[in-house]
Amino acid sequence: MFYFILQKLLKDAFFITTGGTVMFAGHQIYKGNEKFYKEYVMPFFHLFDAETSHKMAVKAAKYKLVPKSKITPHPVLASRVFDRDFPSPKSGSVTPNPQPGNEKPRVFRLKEDRAVINRYGFNSEGHDKVYNRLKVREVEPPVVGKYQNS
């Protein structure tokens with residue numbers, strides 16, 4: 001009997017503690033606390049390999065979970081990568097046929113420069129899949145660049 005009560009208390013304590021930690025972290029990120037970002041968020045990202053961390057960081061920025069001071073003010077980079085309200089559909093490079101891009105590892109950390117090198121290559125689902133996804137839109141998407149065989 002005592003074992004079951006202890007087990008329930010420990011389980012409840014775990015959920016309360018975890019919930020409180022998530023709420024606190026969310027509040028600190030929402031408020032843009034630079035110290036919290038530097039001392040907790042960045043070390044958390046460094047627990048993962050560079051490519052996984054990069055994908056998580058792009059997702060976090062997409063949902064505005066990154067302090068504004070950490071997002072580049074460059075209009076092309078900021079709007080094309082992180083702005084959810086950009087008026088045109090966004091896609092990366094689209095190749096005629098599906099291809100996986102470069103082999104892993106393809107993202108590298110430069111710790112001294114506090115930067116990453118992205119060498120994803122042209123990973124693409126191919127023209128057909130991207131076209132089918134975009135043709136349901138009311139506005140015809142512009143072609144920015146064209147592959148020699150497309």
Phe45: partners by ring pair (Phe, Tyr, Trp, His ring centres under 6.0 Å), with sequence neighbours left out: none

Counting only heavy atoms not in [X], do more than 12 fall under 6.0 Å of its [atom1]?
{"X": "Glu103", "atom1": "CD", "answer": "no"}
{"X": "Phe108", "atom1": "CZ", "answer": "yes"}
{"X": "Phe122", "atom1": "CZ", "answer": "no"}

Pairwise salt bridge (Lys or Arg N to Asp or Glu O under 4.0 Å) hits with a residue in residues 44-54, at least two apart: Glu51-Lys55, Glu51-Arg106

As an exercise, state the distance from [atom1] of [X] to [atom2] of [Y], rounded to the nearest 0.5 Å.
{"X": "Lys8", "Y": "Lys11", "atom1": "NZ", "atom2": "NZ", "value": "7.5 Å"}
{"X": "Asn132", "Y": "His127", "atom1": "CG", "atom2": "NE2", "value": "12.5 Å"}
{"X": "Lys31", "Y": "His27", "atom1": "NZ", "atom2": "NE2", "value": "5.5 Å"}
{"X": "Lys35", "Y": "Tyr40", "atom1": "NZ", "atom2": "OH", "value": "7.5 Å"}

Main-chain N/O of Thr95 paired with Ser124 side-chain donor or acceptor, under 3.5 Å: yes

Could you pull out the closest heavy-atom pair between [X] and [Y], with the gap in Å?
{"X": "Arg109", "Y": "Phe48", "value": "NH2-O, 3.1 Å"}
{"X": "Val107", "Y": "Ala50", "value": "O-CB, 3.3 Å"}
{"X": "Met42", "Y": "Lys38", "value": "CB-O, 4.0 Å"}

Pair up each side-chain donor or acceptor in residues 13-22 with any protein partner under 3.5 Å, not counting sequence neighbours, and list the distances.
residue, atom, partner, partner atom, Å
Thr17, OG1, Ala13, O, 2.7
Thr18, OG1, Phe14, O, 2.8
Thr21, OG1, Thr17, O, 2.8

Phe36 and Phe24 aromatic ring geometry - parallel, tilted or perpendicular at 30°/60° bounds: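 The arrangement is perpendicular - the two ring planes meet at more than 60°.
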
Same cluster (ILVMFWY, side-chain, under 4.5 Å), Val58 and Tyr120: no

